[in-house]
Amino acid sequence: MTSTVPAASDAPRRVADEDADLALLTGEGAADVVGSALVGDDPLPPGLRVVVAGVHHRPGAGVSVCYEVSHDGAPAPEVVVASTAEPSRHDRTDRVAVLDDGLRRIRVWRRADDPALPGLRSVLDPAVVARWLGATDGVRVTLLSYRPTRRAVVVARTASATVYVKVVRPRRAEELVRRHQVLAEAPVPAPRVLDQPEPGVVVLACAPGRSLAQTLAAGEPVPTADAVLAMLRGLPDAVATLPRRPSWVDRLDFHAAAARSALPSRAGEVAEVAERVTALLAVLPEPALVPTHGDLNVANLFVTDGRPSALIDVDALGPGHLEDDLATVLAHLAVLPSLAPAQYTGVPAVLADWLAVLAGAVGARGLLARTAAVLVSLVAGAAPAQAHARLDLAVEMLRRAEGAAA
């Protein structure tokens, strides 16, 4: 990539309104931004097509948008990222175009060249991954998830094995490995760390079983709410010695801001939900700090024969509130039927059962209010119909919280 402007000065950049950034990067001007970054002062390729493929808005930290970019004669589309997020001092600057009009600064890169994830290009190269795994019969690499400047997850399959490769900022890799090691001997373990072939790259074994979401879709037995409680209460004491990460509730203002940007027509309703959740939790006793997963959703809890068998994505493992882990899994359960109604016909009954049991264990008002907060956090980044459905669920959970016994 080349830059179309000189290197930026050291003068402070005027903070641009992030809603305006979002409108620019997802509107008709996106093609001009991406095209300029790709070719510099050269003519745009014929038939340039720029399609928004994903939006990542972190209020106060910038907007990042992924695009599928193609043009006449291109062998296949490629993914390009444009971001207004400020770089860290650790970010690479090569292969990143910088566009600066004096009002906003936009960095643009091809996905494999993410400036904060230097291991990503290697992880997306099957030949490199095959060398790491000692695979002589080839490797098929599939990108499962990507959050610009934050992390990516790839599944690598050989003829005889499957592994998962996580890419994080290099300075966070040791934290991630430590979290996996803390759970290595737990009754419900995290996947085993197999290798760290490059800075910021962690190769992980498969977790036993399948995710709770997959289990529900297959109509197979799922854990009871009591089993989920026992699993969380059985997390090792060493988890409490890890650094604490803010929960979804701790950052409700952040997530509400993102939800307002995603649903501008319902911005007032989002603000009201956030205010009422905050007010309700303020009059309840503060829960105890205990070992928690930190992001217990339906993709991160694995199940075998109706029992919890593994925990994945343990980046947020550490001290927190049990209620937040429970609220997270309940919120993610609640949205499943709207994603694929035919697949998740059994979810409403599971959700009702779990809510009754878990509310009895930790208190209904706080649990329902925290579940509403998590649902607000799930609005941004969802397709419009899903975003509205998730806000509707948050409103319903809040209504139930306010009507529950103290």
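Each residue takes its place number in the sequence, starting with 1. These values consider heavy atoms only, across backbone and side chains, with no hydrogens, waters or symmetry-generated copies.
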| task | Show your reasoning for whether side chain to side chain contact (heavy atoms under 4.5 Å, CB included) applies to V303 and V222. | result | CA-CA 7 Å; V303 176; V222 299; 5.6 Å; no
| message | Would V128 and R121 count as a side chain to side chain contact (heavy atoms under 4.5 Å, CB included) here? Give the steps. | response | CA-CA 9 Å; V128 174; R121 176 164 287 277; over 6 Å; no
| task | I would like to know whether V34 and V69 meet side chain to side chain contact (heavy atoms under 4.5 Å, CB included); could you show each step before the answer? | result | CA-CA 9 Å; V34 173; V69 180; 3.8 Å; yes
| task | Would you please test L296 and M231 for side chain to side chain contact (heavy atoms under 4.5 Å, CB included) and show each step? | result | CA-CA 11 Å; L296 188 70; M231 173 197 69; 4.2 Å; yes
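Every salt bridge (Lys or Arg N to Asp or Glu O under 4.0 Å) that R210 has, sequence neighbours left out, goes to E220. Partners of R92 by side chain to side chain donor-acceptor pair (under 3.5 Å), not counting sequence neighbours, listed by chain and number: D94. P291 is linked by a side chain to side chain contact (heavy atoms under 4.5 Å, CB included) to L235, V239, A240, counting only residues two or more places apart in sequence or in another chain. For T304, the side chain to side chain donor-acceptor pair (under 3.5 Å) test picks out S309, with sequence neighbours left out. Residues meeting the side chain to side chain contact (heavy atoms under 4.5 Å, CB included) test with A387, sequence neighbours left out: L263, V379, A382. Under the side chain to side chain donor-acceptor pair (under 3.5 Å) criterion, D315 pairs with K166, not counting sequence neighbours. Under the ring-ring contact (aromatic ring centres under 6.0 Å, His included) criterion, H255 pairs with W248, sequence neighbours left out. Applying the side chain to side chain contact (heavy atoms under 4.5 Å, CB included) test to P170 and every residue at least two apart in sequence or in another chain returns P118, P199. Listed by chain and residue number, R266 satisfy the side chain to side chain donor-acceptor pair (under 3.5 Å) test with D392 (two or more places apart in sequence, or in another chain).
Heavy-atom contacts from other residues, nucleotides or ligands closer than 6.0 Å to CZ of R147 number 12 or fewer. Heavy atoms of other residues, nucleotides or ligands lying less than 6.0 angstrom from CD of E269 number more than 12. Applying the 6.0 Å contact sphere to CZ of R140 captures no more than 12 heavy atoms from other residues, nucleotides or ligands.
A distance of 12.5 Å separates CD1 of I312 from CG of L183, quoted to the nearest 0.5 Å. Taking CD1 of I106 as the start and CG of L99 as the end, the distance is 6.0 Å to the nearest 0.5 Å. To the nearest 0.5 Å, atom CG of residue L375 and atom CG of residue L391 are 9.0 Å apart. The line from CG of D32 to CG of L48 is 9.0 Å long, rounded to the nearest 0.5 Å. One distance of note links CG of D313 with OH of Y164; it measures 10.5 Å at 0.5 Å rounding. The OG atom of S64 sits 7.5 Å away from the OH atom of Y146 when rounded to the nearest 0.5 Å.
Within the 4.5 Å cutoff, side-chain heavy atoms of L333 are placed close to those of W354. Taking 4.5 Å as the limit, some side-chain heavy atom of D91 sits within range of a side-chain heavy atom of R107. At least one side-chain heavy atom of L339 sits less than 4.5 Å from a side-chain heavy atom of L336. Taking 4.5 Å as the limit, some side-chain heavy atom of L229 sits within range of a side-chain heavy atom of L326. The side-chain heavy atoms of L355 and L330, taken from C-beta on, include a pair separated by under 4.5 Å. The side-chain heavy atoms of R131 and L133, taken from C-beta on, include no pair separated by under 4.5 Å. Put simply, the side chain of W109 reaches to within 4.5 Å of the side chain of S83, judged on heavy atoms. Considering only heavy atoms from C-beta on, L204 comes within 4.5 Å of V193 through its side chain.
Between T158 and A135, the shortest heavy-atom contact is CG2-CB, 3.7 Å. Closest non-hydrogen pair, R157 versus T142, comes out as NH1-OG1, 4.1 Å. Of all heavy-atom pairs spanning V81 and C66, the tightest one is CG2-SG, 3.9 Å. Between A359 and L367, the closest heavy-atom pair is N-CD2, 3.6 Å. Nearest heavy atoms, P223 versus V228: CB-CG2, 4.2 Å. Closest non-hydrogen pair, G234 versus P187, comes out as O-CD, 4.1 Å.
A donor-acceptor contact closer than 3.5 angstrom is absent between the side chains of R104 and T84. Remark: the D250 side chain and the S247 side chain contain an N/O donor-acceptor pair separated by less than 3.5 Å. There is a side-chain donor-acceptor pair under 3.5 Å between S261 and D19. A donor and an acceptor atom, one from each side chain of D325 and T328, are nowhere located under 3.5 Å apart.
Side chain of H321 to main chain of A288: a donor-acceptor pair is present (N/O by atom type, distance under 3.5 Å, no hydrogens or angles). The main-chain N or O of V33 is never found under 3.5 Å from a side-chain atom of S36 such that the two would form a donor-acceptor pair. Formation of a donor-acceptor pair under 3.5 Å by the R169 side chain with backbone atoms of T149 is found in this model. A donor-acceptor pair under 3.5 Å links the side-chain atoms of H180 to the main chain of P191, judged by distance alone. A donor-acceptor contact shorter than 3.5 Å links the side chain of Q386 to the backbone of S338.
Contacts classified as salt bridge (Lys or Arg N to Asp or Glu O under 4.0 Å) and involving residues 177-189 (residues at least two apart or in different chains) are given here: E175-R179. Contacts classified as salt bridge (Lys or Arg N to Asp or Glu O under 4.0 Å) and involving residues 367-390 (residues at least two apart or in different chains) are given here: D324-R370. Within the structure, no pair that satisfies the salt bridge (Lys or Arg N to Asp or Glu O under 4.0 Å) test touches residues 284-312, not counting sequence neighbours.
Ion pairing of D72 with R49 is present here, as a side-chain N (NZ or NE/NH1/NH2) and a carboxylate O approach within less than 4.0 Å.
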